[in-house]
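Model, not experiment: these values are computed from the prediction. One is the number of the first residue; the rest follow in order along the sequence.
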Amino acid sequence: MTPWRAQTGPQLTAIQHDLIDELLYGGAVFGGKSDYLLGDFAQDVPRPYGKHWHGILFRKTYPQLEELISRSKEIYPPWFPGVQWHKTEKTWTWPNGATLKMRFMESEDDWMEYWGHAFTWIGWDEIALWASNIPYLRMKARLRSASASIPNKRIRASANPGGPGHHWVKTYFGIDRYPLGGQIIEPEDGSGMRRIFIKSRLSDNRIGMSNDPGYAARLEGLGSEQLVRSLKEGDWNVIAGAFFPEFSLDRHVIDPFEIPSHWVRFRAMDWGSAKPFSVGWFAVSDGEILPRGALVQYREWYGMVPGQPNVGLKLTAEEVADGIIEREPGAEKIDMSVIDPAAFAQDGGPSIAERLASRKIYFHRADNARVSQRGAMGGWDLVRARLKGDEDGPMVYFFKTCTEIIRTLPALQHDAHRPEDCDTNAEDHAPDQLRYACAARPWVRSSPQRIEPKFPINQTFNELIAARRKRRLENQ
């Protein structure tokens with residue numbers, strides 16, 4: 001066996017960016033992502049500061065970690081004679097003192113186990129499998145060393161498109177702005193940590209494709225053309241395993257227009273504090289512009305910390321109520337409002353709904369049936385039915401200014417244990433708000449018709465009086 005070396009192309013490019021603080025490598029399946037992470041850490045082992053070089057590499061679950069450990073056993077011994085694997089500690093140890101821990105982090109709070117630890121290299125394999133960015137962000141504080149001689153302490157991650165964390169990964173590493181990668185993103189949070197995305201494709205793994213030349217052909221039968229493109233090309237605009245594949249920017253996202261004054265308007269809200277809240281304003285079409293009964297979300301307010309998906313603003317109920325009032329024109333008439341039933345829970349004081357009502361923002365309990373039961377149509381089925389629509393078109397639309405529902409709705413994934421439901425660990429707040437809206441039994445208000453008089457009069461009141469006076473004088 002020969003020592004491992006990075007393949008020419010994006011894998012080698014990523015390896016050579018060792019002075020960039022944070023790097024995401026990947027896109028396509030079979031793109032050499034795990035090998036990259038193992039190689040990126042190991043390249044610094046032989047350096048003079050090797051005894052201070054300590055890393056940790058995470059997978060989401062233990063079975064996934066076993067696969068990564070197996071691959072490391074193929075790569076490290078031929079590359080580094082004398083390296084030792086400690087099964088109990090799940091740690092690689094090099095003769096010069098460098099170490100790499102192999103761990104899994106299944107819970108969002110598992111990062112607390114490493115409080116007080118110090119690592120010069122932190123790796124995340126398949127980072128999009130983490131629904132929340134909390135573990136990743138919290139572990140950044142563990143990137144440190146007592147030795148001042150290590151200039152390239154860094155965090156490295158790999159990912160495929162899709163997964164519960166698709167959108168936070170896509171946003172954090174700037175893939176939404178730079179889908180081809182290679183653009184260094186300067187920090188906006190004052191941390192000084194620069195980050196970059198390096199894109200890989202299936203064709204970039206020439207060694208793997210040479211060893212398994214039929215792999216690309218086998219991918220062709222896995223699903224739609226868009227899904228196959230996602231797997232082979234690493235297209236982050238296509239989400240594998242989407243809960244709502246019916247959603248389409250072309251069919252469901254429209255330019256804003258002036259909502260007719262007679263249309264029914266209502267609010268739907270999903271409450272959140274540490275996680276984002278989501279308020280959506282909807283109107284019901286009378287059939288003149290869009291299909292009769294179609295919903296149009298024309299405004300939204302998403303309570304998220306800017307640039308930190310799935311992190312809430314922690315506003316009080318009163319502050320949220322005031323924010324709703326600020327966003328509504330004074331003449332706007334809201335016919336009804338629904339909010340998730342949890343907002344009515346009482347625990348030693350007024351409920352969230354009561355506190356909103358103290359500012360004259362009144363809500364009814366939303367129908368919170370997520371999936372079908374006893375033949376009834378569940379909330380997600382109602383959303384799906386409206387997305388599909390009929391021969392006249394979809395029955396739900398979104399103004400393109402409602403960016404958060406457009407961002408998070410197509411990113412929802414199926415729950416691994418309950419396929420009829422979505423993964424509730426994902427960023428589902430705006431979709432929940434949409435579900436409440438679809439289940440609110442919205443009605444249609446037709447355009448008011450002007451009643452034509454049976455005997456039309458084409459004279460003003462003064463003209464009518466003058467004509468009568470004239471006729472009276474003529475009859476005298």
Side-chain angles (χ1 to χ4, degrees), residues 244 246-271 277-302 324-325 327-341 343 353 356 360-370 376-406 408-410 429-450:
F244 288 116
E246 299 85 1
F247 178 82
S248 166
L249 292 175
D250 294 334
R251 294 186 72 225
H252 299 101
V253 179
I254 60 178
D255 290 326
F257 61 85
E258 185 176 354
I259 301 293
S261 59
H262 65 276
W263 284 16
V264 168
R265 302 186 189 210
F266 67 99
R267 310 183 196 97
M269 181 177 179
D270 186 61
W271 175 257
F277 62 80
S278 183
V279 186
W281 284 260
F282 294 84
V284 188
S285 170
D286 66 353
E288 291 294 326
I289 302 174
L290 297 170
R292 182 178 175 83
L295 298 184
V296 182
Q297 183 171 342
Y298 61 92
R299 183 188 301 135
E300 71 173 2
W301 183 24
Y302 196 66
I324 291 174
I325 294 172
R327 285 162 175 79
E328 293 178 353
E332 186 172 26
K333 180 180 181 296
I334 301 298
D335 294 283
M336 68 169 176
S337 299
V338 293
I339 192 172
D340 60 289
L356 292 169
K360 301 188 183 303
I361 299 296
Y362 303 103
F363 282 94
H364 299 290
R365 293 175 184 267
D367 186 338
N368 197 26
R370 302 173 65 89
M377 198 171 188
W380 292 132
D381 284 333
L382 292 170
V383 175
R384 194 179 309 280
R386 284 188 173 275
L387 288 171
K388 286 184 176 181
D390 52 30
E391 64 275 5
D392 294 328
M395 291 300 290
V396 63
Y397 299 85
F398 310 94
F399 279 10
K400 65 181 182 181
T401 51
C402 298
T403 56
E404 298 304 325
I405 183 67
I406 295 170
T408 57
L409 183 65
H429 319 294
D432 275 342
Q433 154 230 286
L434 174 62
R435 177 165 56 86
Y436 301 145
C438 292
R441 298 170 177 82
W443 67 95
V444 178
R445 181 182 293 129
S446 299
S447 175
Q449 297 180 354
R450 185 169 61 90

Passes side-chain contact (heavy atoms from CB on, under 4.5 Å), Ile324 versus Val279? Steps please.
CA-CA 8 Å; Ile324 291 174; Val279 186; 4.3 Å; yes
Audit row: Lys360, Ile325, side-chain contact (heavy atoms from CB on, under 4.5 Å) steps and yes/no
CA-CA 9 Å; Lys360 301 188 183 303; Ile325 294 172; 5.9 Å; no
Please report the C-alpha distance between Asn368 and Tyr436 in whole Å, then the side-chain angles of each, then the deciding distance to 0.1 Å, and finally whether the side-chain contact (heavy atoms from CB on, under 4.5 Å) criterion is met.
CA-CA 7 Å; Asn368 197 26; Tyr436 301 145; 3.4 Å; yes
Quick one, Trp380 with Asp432, criterion side-chain contact (heavy atoms from CB on, under 4.5 Å). Give me CA distance, side-chain angles, the key distance, then yes/no.
CA-CA 9 Å; Trp380 292 132; Asp432 275 342; 3.5 Å; yes
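The distance from atom CZ of Arg370 to atom CZ of Arg435, rounded to the nearest 0.5 Å, is 4.5 Å. Atom-to-atom distance recorded for Ile254:CD1 and Tyr298:OH is 13.0 Å, nearest 0.5 angstrom. To the nearest 0.5 angstrom, Cys438 atom SG is 7.0 Å from Phe282 atom CZ.
Across Ala369 and Asp367, no two heavy atoms sit closer than the pair N-OD1, 3.1 Å. Closest non-hydrogen pair, Ala366 versus Pro341, comes out as O-CG, 3.3 Å. Annotation for Val284 and Pro442: closest pair CG2-CB, 3.7 Å, computed over non-hydrogen atoms. Across all their heavy atoms, Pro291 and Pro394 have their closest contact at CG-O, 3.8 Å. Here the shortest heavy-atom pairing between Arg251 and Leu387 reads NH1-O, 3.3 Å.
Every residue two or more places apart in sequence or in another chain that forms a side-chain contact (heavy atoms from CB on, under 4.5 Å) with Asp286 is listed here: His262, Trp263, Glu288, Val444, Ser447. Residues passing the side chain to side chain donor-acceptor pair (under 3.5 Å) test with Arg265 are Glu332, sequence neighbours excluded. Residues satisfying the side chain to side chain donor-acceptor pair (under 3.5 Å) test with Tyr302, not counting sequence neighbours, are Glu427. Every side-chain contact (heavy atoms from CB on, under 4.5 Å) that Lys333 has, sequence neighbours left out, goes to Asp335, Arg445. The side chain to side chain donor-acceptor pair (under 3.5 Å) test applied to Ser337 returns Arg267, not counting sequence neighbours.
Aromatic ring centres of Phe257 and Phe399: separated by under 6.0 Å.
Panel note: side chain Glu300, backbone Ser278; no donor-acceptor pair is recorded below 3.5 Å.
For the residue pair Gln433/Gln297, the side-chain donor-acceptor check at 3.5 Å is satisfied.
Between Leu434 and the choices Asp270, Val383, Thr408, Leu382, the side chain to side chain contact (heavy atoms under 4.5 Å, CB included) rule is met once, by Val383.
Ring geometry for Phe247 against Phe398 counts as tilted: the plane angle lies between 30° and 60°, on a 0 to 90° scale.
Put simply, the side chain of Phe266 reaches to within 4.5 Å of the side chain of Leu295, judged on heavy atoms.
The list of salt bridge (charged side-chain N to carboxylate O under 4.0 Å, His left out) pairs with a residue in residues 384-405, not counting sequence neighbours, reads Glu246-Arg384, Asp255-Lys400, Glu404-Arg407.
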